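Okay, structure first, notes after.
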Amino acid sequence: MTDPEQAVARTDDRLAPDVDVLVVGAGITGIYQLYRALEAGFSAQLLEAGAGVGGTWYWNRYPGARFDSESYTYAYLFSKELFEEWEWREHFAGQPEIERYLNHVVDRFDLRRHMRFGAAVNSAVWDEPSATWSVVVDPDTVIRARFMVAATGNLSVPYYPDVPGRADFEGEQYHTGRWPVTPVDFAGKRVAVVGTGSSGVQVVPAIAEQVASLTVYQRTANWCTPLNNAPINPDEQARLRAEFEPICETLQTSASGFLHPVHDRATFDDSEEERRAFYERMWNSPGFSKLTSNYTDLLFDPAANAEWCEFIVERIRGIVEDPATAERLIPKDHRFGEKRPPFVIGYYEAFNRPNVTLVDLKETPIVRVTAGGIETTDGERPFDVLVWATGFDYGTGALTRMGIRGRNGEALEDHWADGPATFLGILSTGFPNLFFPGGPHAAAGNNPRYNGDQVDFIMDTLVHLRRHGYDSIEVEQAAEERWTNMIDRWAAKPPSFGRSSYFFGANIPGKPRRYLLNSGGRPKLLSMIAEVRDNDYRAFRLARTPDSTAATA
Ligand code: N01
């Protein structure tokens, strides 16, 4: 085994790897991957472009950023002691608490000495004779790794819309996905927020009180429902600790990766009165349970969906005092669940403040950004600060920008020119020894749960290779095609996220319209993983490379 501390310094061209497992990205998945690789006795190193731990929870430190999965369901489950000793303050933790937790995990398990920050990967080339990846971190540092695990995340490349004049703006401008570590001072400033996805609707109420004026530029209204956050009281803390095993059991086996109980009734099984009472309970329920615990036909029966939407419409009209603003905030072009629904704290209420204005870009589109503000078709508004809450190049964005070159020098971005082709959302043909948990074709509910499934599979696979003396693994094309075809086929069936959503890459001009999540869901991922194991890894070509030194742990 190699000493990972020496790995970074070595730039020689020897065929033996500097490190067995090179992890890219210090987000939730990358940290877990590093922990598991070290635990299994591999040498491992983690590279992170940012200056600290957290991945998406490092970069998205905008005001109002918080979980909308329950904190304890998003947290790690690999250590009972960790679960018991970390007391989440809120059911849905805010970004500062999340960042503190992740730093605690890194230090508690002594992972930081295996991490290198400010280390963006700009080239990763497969070297056939040695069966290693040559990974260039900066012009002078090449790391030769037996296996590379790109835990680079789905939501890590911010998208700035191509609005004329954006560079001409003379005030401050920020993207929610690249928020500065030094807090932004909004006090008394004229602020614009562009975008009303999950990020935009979190920022708006969080800064509305501080700013002189806040103008929200909305292109598409979203079905926002309350997050219903609360502090975790001492009784709940005790119950969480006492119920670690059943919580794990539920989270590790449920399709969604949440604790929410699944409802057993369809909408029209209930009377009108019962339905209203049920919708009331849903409205007051925590976070995603409006999707996961709602009527069983919510996403399948248009009449069922319409009735729940009508309930939300009533609520919007009841909260927002200005009827014209309320109408603009009501989605017209998609049903609940066809886009990823945001869960909010005081979003609709913010529009009752005299300093908050909504601009509907369908009525008055943006013409340009000027030196002093934003011009729409009805004129220019002056601003001191622009906040771009305009999303990400989802799924493939980070992986196709890393300079990944596989067998015969093939570029990953070329292999995926028509959209991603993967097996299990973990590997791709022509790119041996490269794994990308949490990337395209992965998402299937509560992120850390299925990303964790993927990391667990990667670790079982690496241990299998080591046990049998193999040093390279590549997925057979037939297996990649089977998984990718399943993703595309199932994505076409209802309930499907809308084709206009970023889940199909539709928010990025020129990006192929292919489904980027796991449409088969977590059960499909787990059943395919079981099948691979039962078939003794026959979905893969496993090889010994005579010139190289296999991982020797
Ligand atoms: O990004 P988005 P996000 N002119 O793509 C608008 C996760 N997340 O960062 O809908 C004007 O959803 C765009 O308009 P439209 C979560 O998975 C979780 O908000 O394309 N507007 C839309 O309103 C989420 O789904 C949390 O018409 C433009 C917005 O920008 C994912 O991250 C919190 C525009 C982009 O919305 C992404 O959310 C935050 C243009 N040219 C995020 N281009 C939690 O709570 C785009 N828009 C855990």
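Predicted, not measured: the structure shown is a model, and the values here were computed from it.
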Check the orientation of [X] and [Y]. Use parallel for under 30°, tilted for 30 to 60°, and perpendicular for over 60°.
X	Y	answer
Phe540	Tyr537	tilted
Phe67	Trp57	perpendicular
His415	Phe431	tilted

Kindly indicate, with the supporting measurements, whether the criterion side chain to side chain donor-acceptor pair (under 3.5 Å) is fulfilled by Tyr515 and His441.
CA-CA 8 Å; Tyr515 199 61; His441 296 171; over 6 Å; no
Can you check whether Tyr62 and Tyr174 have ring centres sitting under 6.0 Å from each other?
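No, ring centres 6.0 Å or more apart.
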Centroid separation under 6.0 Å, is that true for the rings of Tyr159 and Phe392?
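Aromatic pair excluded; centres sit 6.0 Å or further apart.
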Are Tyr160 and Val194 packed together at the side-chain level, in the sense that at least one heavy-atom pair is separated by less than 4.5 angstrom?
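Counting from C-beta outward, Tyr160 and Val194 never come under 4.5 Å.
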Report yes if some heavy atom in the side chain of Thr220 is under 4.5 Å from a heavy atom in the side chain of Lys339; otherwise report no.
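Result yes, sub-4.5 Å side-chain heavy-atom pair found.
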CA sep, side-chain torsions, deciding dist, call: Ser501, Glu338, side chain to side chain donor-acceptor pair (under 3.5 Å)
CA-CA 8 Å; Ser501 126; Glu338 280 183 0; over 6 Å; no
Identified side chain to side chain donor-acceptor pair (under 3.5 Å) counterpart of Arg401 within the set Thr396, Asp393, Thr152
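Only one option passes, and that is Asp393.
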For atom CG of Asn408, decide whether the heavy atoms of other residues, nucleotides or ligands shown that lie under 6.0 angstrom number more than 12.
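It does not: Asn408 CG has 12 such atoms or fewer within range.
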Identify the two heavy atoms, one from Ala37 and one from Met459, that lie closest to each other, and give their separation to 0.1 Å.
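Heavy-atom minimum between the residues: CA-CE, 3.7 Å.
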Side-chain ion pair, Glu97 and Arg100, N-O less than 4.0 Å
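The answer is no: the pair does not qualify as a salt bridge.
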Between Arg368 and Asp168, is there a side-chain N and carboxylate O pair less than 4.0 Å apart?
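No, this pair does not count.
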Going through the checks in order, is the side chain to side chain donor-acceptor pair (under 3.5 Å) test met by Thr196 and Asn222?
CA-CA 7 Å; Thr196 53; Asn222 261 317; 4.8 Å; no
Apply salt bridge (charged side-chain N to carboxylate O under 4.0 Å, His left out) to Arg144 and Asp127, showing your working.
CA-CA 9 Å; Arg144 195 185 284 278; Asp127 180 60; 3.5 Å; yes
